[in-house]
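Data first, discussion second: the structure below is written as structure tokens.
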Amino acid sequence: MNLEMQQFKAEFFKALAHPLRIRILELLAEGDKNVNEIQTLVGSEGSAVSQQLTILRAKNIVSGTKEGNKVIYTLKDPMIIELLAVARQIFNNHLVDTITILDKFKEDEEDLAIPKN
């Protein structure tokens, strides 16, 4: 069971490993959208958006429902929204750590600076 879970997680995170796919998920976290809406919001070509949606559908991360001549995409699991929020928090934590290191580096440089006459 452990190996199966690890394999699922690896495949799941591989499916998320593209900036456009992440952006699409962020948009779908705000509500269901069709391809044209997603394309307009990301400012990308329809073929690129469709390609990424195909990957997300294949991995059961999003689903599409035909409405007339449009396909409406939705997140398969609302937990994706929480996952994206946690990723943002981790990113912010990394930024805080980096800023702290840079501030310490700047202080050390100022301590070592030779006074000007």
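The chain is numbered in sequence order, starting from 1.
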Once side chain to side chain donor-acceptor pair (under 3.5 Å) is applied, do any residues pair with Lys76, and if so which ones, sequence neighbours excluded?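 Lys76 satisfies side chain to side chain donor-acceptor pair (under 3.5 Å) with no residue once adjacent residues are dropped.
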
Contacts of Arg21 that satisfy side chain to side chain donor-acceptor pair (under 3.5 Å) - sequence neighbours left out: Gln52

How would you list, by chain and number, every residue that makes a side-chain contact (heavy atoms from CB on, under 4.5 Å) with Lys106, sequence neighbours excluded? Glu110

So, using side-chain contact (heavy atoms from CB on, under 4.5 Å) as the criterion, who are the partners of Phe105 when residues are at least two apart? Glu109

Taking every non-hydrogen atom, the tightest pair across [X] and [Y]:
{"X": "Leu28", "Y": "Tyr73", "answer": "CD2-O, 3.4 Å"}
{"X": "Val49", "Y": "Ser44", "answer": "CG2-CB, 4.1 Å"}
{"X": "Gly64", "Y": "Val71", "answer": "CA-CG1, 3.7 Å"}

Roughly how far, to the nearest 0.5 Å, is the [atom2] atom of [Y] from the [atom1] atom of [X]?
{"X": "Leu83", "Y": "Phe13", "atom1": "CG", "atom2": "CZ", "result": "5.5 Å"}
{"X": "Ile61", "Y": "Ile24", "atom1": "CD1", "atom2": "CD1", "result": "11.0 Å"}
{"X": "Ser50", "Y": "Ile55", "atom1": "OG", "atom2": "CD1", "result": "11.5 Å"}

Joining Ile, Leu, Val, Met, Phe, Trp and Tyr whenever any side-chain heavy atoms lie under 4.5 Å apart, the cluster holding Ile90 also takes in Val86

Is Leu20 linked to Leu56 within one hydrophobic cluster, defined over Ile, Leu, Val, Met, Phe, Trp and Tyr using a side-chain heavy-atom separation of less than 4.5 Å?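 Same cluster: Leu20 reaches Leu56 through Ile, Leu, Val, Met, Phe, Trp or Tyr contacts under 4.5 Å.
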
Does Phe91 belong to the same Ile/Leu/Val/Met/Phe/Trp/Tyr cluster as Ile80, with side-chain heavy atoms less than 4.5 Å apart forming each link?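 Each belongs to a different hydrophobic cluster.
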
Can Lys14 and Glu11 be said to form a salt bridge (Lys or Arg N to Asp or Glu O under 4.0 Å), step by step? CA-CA 5 Å; Lys14 264 196 258 180; Glu11 292 298 319; 3.0 Å; yes

Given Leu25 and Leu75, is the side chain to side chain contact (heavy atoms under 4.5 Å, CB included) satisfied, shown in steps? CA-CA 7 Å; Leu25 294 175; Leu75 295 176; 3.5 Å; yes

N/O donor-acceptor pairs under 3.5 Å from side chains in residues 32-42, not counting sequence neighbours:
unit_1 : atom_1 : unit_2 : atom_2 : d
Asp32  : OD1    : Thr74  : OG1    : 2.7
Lys33  : NZ     : Leu27  : O      : 3.2
Lys33  : NZ     : Gly31  : O      : 3.2
Asn34  : OD1    : Asn36  : N      : 2.9
Asn34  : OD1    : Glu37  : N      : 2.8
Glu37  : OE1    : Asn34  : N      : 2.7
Thr40  : OG1    : Asn36  : O      : 2.9

Is it true that atom CD of Glu45 has more than 12 heavy atoms of other residues, nucleotides or ligands lying nearer than 6.0 Å? no

Any Lys/Arg nitrogen of Arg23 or Glu26 sitting under 4.0 Å from an Asp/Glu carboxylate oxygen of the other? yes

